[in-house]
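One structure below.
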Amino acid sequence: MLVKALLVGLVLGFCKSEWMYAFPMTGRPIVVSTLTGLVLGDPVQGVILGSILELMFIGAFNVGVALYPDYTSAGAICTAFAILTGGGKAVATALAVPIGLLGAFIFVGIKIMINTTFGQFMLRALENDNSKKASRIYIAGSFFSCFIIYFIYAFVCIYVGSGAVEAAVNAIPKVVINGLTTSANLLPAIGFAMLLQMIISKKMAPFFFIGFILAAYLNMPTIAVTLLAVMIVLILVSSQNDSIVAEEVMGGDENEF
């Protein structure tokens with residue numbers, strides 16, 4: 001069991017470290033479950049379970065700082081439990097929610113504590129004009145928060161067994177769950193505030209508030225607002241190109257005189 005726990009931990013750590021290789025979607029259940037089945041000697045079962053879990057989490061996709069159940073952890077750990085216990089899809093689907101929920105709480109803890117700590121170290125390095133040190137801190141912190149933490153998570157889950165995992169999830173006090181949920185709800189606001197701080201300007205502000213009014217007061221769906229924004233951008237770009245062409249034509253006419 002020790003070797004199998006190590007292998008599953010390596011798979012989850014690798015799949016959660018997508019940032020190292022340009023996010024090729026290795027974190028999706030269909031991929032991580034297949035890899036888990038491969039290292040455990042049953043790739044066919046891995047593909048089958050990955051397909052089932054992918055359908056369960058098909059609507060879950062991490063966009064920015066939006067928090068969803070950790071489908072990557074669910075894919076690796078639930079597939080491993082299903083193969084090792086012989087329970088098949090019944091075991092995988094039954095454990096998907098608690099495993100994903102616990103993985104999401106780990107994600108929040110990483111963002112709040114670990115990444116914040118490494119971020120302060122990076123800030124000090126940048127204040128001292130030491131960009132190389134800041135880069136090393138970023139790589140080390142990302143490797144620790146992505147690979148090491150989730151490797152430990154998968155290893156402990158497989159090593160102690162599914163019963164212990166369910167007991168751990170049920171033993172989490174409601175106060176802690178509510179606190180983590182509240183913290184997770186604050187992350188999108190902080191993320192959007194940081195984004196606005198970088199891009200907001202006198203020219204951009206009206207468009208931002210137009211989009212806010214359309215979504216908040218006219219109840220337009222996000223896709224409709226996005227398509228409207230695309231149309232506005234195309235109109236502005238077309239008008240700008242027409243102005244450039246007109247200036248060039250006028251400049252040519254003046255040169256002729």
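Hydrogens, waters and symmetry mates play no part in the numbers below; they use all other heavy atoms, side chains included.
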Taking Val47 as the starting point, is it possible to reach Ile77 by hopping between hydrophobic residues whose side chains are less than 4.5 Å apart?
no
Interatomic distance, Phe147 atom CZ to Lys16 atom NZ [nearest 0.5 angstrom]
13.5 Å
Cys15 side, atom SG; Tyr150 side, atom OH - distance, nearest 0.5 Å
12.5 Å
Should Ile83 and Leu49 count as side-chain neighbours, where that means a heavy-atom distance under 4.5 Å?
yes
Transitively linked via ILVMFWY side-chain contacts under 4.5 Å: Ile152 with Leu6?
yes
Do Leu84 and Val3 land in one hydrophobic cluster if side-chain heavy atoms of ILVMFWY residues count as linked below 4.5 Å?
yes
Flag the pair Ile99 / Tyr153 as yes when at least one side-chain heavy-atom distance between them is below 4.5 Å, and no otherwise.
yes
Criterion side-chain contact (heavy atoms from CB on, under 4.5 Å) on Phe155 and Leu2, from CA distance to verdict:
CA-CA 8 Å; Phe155 174 82; Leu2 177 62; 3.5 Å; yes
Separation between CZ of Phe14 and OG1 of Thr26, rounded to the nearest 0.5 Å
5.5 Å
Which atoms form the tightest heavy-atom contact between Pro206 and Lys202, and what is the distance?
CD-O, 3.1 Å
Closest non-hydrogen atom pair between Leu126 and Ala134, with its separation:
CD2-CB, 3.7 Å
Looking at CG of Leu53 and OG1 of Thr72, how far apart are the two atoms once the value is rounded to the nearest 0.5 Å?
11.0 Å
Same cluster or not: are Leu102 and Val8 linked, directly or through other Ile, Leu, Val, Met, Phe, Trp or Tyr residues, by side-chain heavy atoms under 4.5 angstrom apart?
yes
Check side chain to side chain donor-acceptor pair (under 3.5 Å) between Ser73 and all other residues, then give those that pass, not counting sequence neighbours.
Asp70
Any chance you could measure Lys133, atom NZ, to Met122, atom CE, to the nearest 0.5 Å?
12.0 Å
Positive for side chain to side chain contact (heavy atoms under 4.5 Å, CB included) with Ser239, one of Leu236, Val237, Ile235:
Ile235
Heavy-atom side-chain contact between Val44 and Asp42 under 4.5 Å
yes
Mutual orientation of the aromatic rings belonging to Phe144 and Phe118 [parallel < 30°, tilted 30-60°, perpendicular > 60°]
tilted
Linking I/L/V/M/F/W/Y whenever their side-chain heavy atoms sit closer than 4.5 Å, directly or via other members, would Leu218 and Val225 fall into one cluster?
yes
For residues 33-40, which side-chain N or O atoms pair as donor and acceptor with protein atoms under 3.5 Å away, sequence neighbours left out?
unit_1: Ser33; atom_1: OG; unit_2: Pro29; atom_2: O; d: 2.9
unit_1: Ser33; atom_1: OG; unit_2: Gly75; atom_2: O; d: 3.1
unit_1: Ser33; atom_1: OG; unit_2: Thr79; atom_2: OG1; d: 2.9
unit_1: Thr34; atom_1: OG1; unit_2: Ile30; atom_2: O; d: 2.6
unit_1: Thr36; atom_1: OG1; unit_2: Val32; atom_2: O; d: 2.7

Would you indicate whether Ile223, at its atom CD1, is surrounded by more than 12 heavy atoms from other residues, nucleotides or ligands within a distance under 6.0 Å?
no
Taking the side chain as everything from C-beta on, heavy atoms only, tell me whether Phe151 gets closer than 4.5 Å to Leu12.
no
Rounded to the nearest 0.5 angstrom, the CD1-CD distance for Ile137 and Gln120 is 11.0 Å
Check: Met231 and Leu234 side chains under 4.5 Å, non-hydrogen atoms:
yes
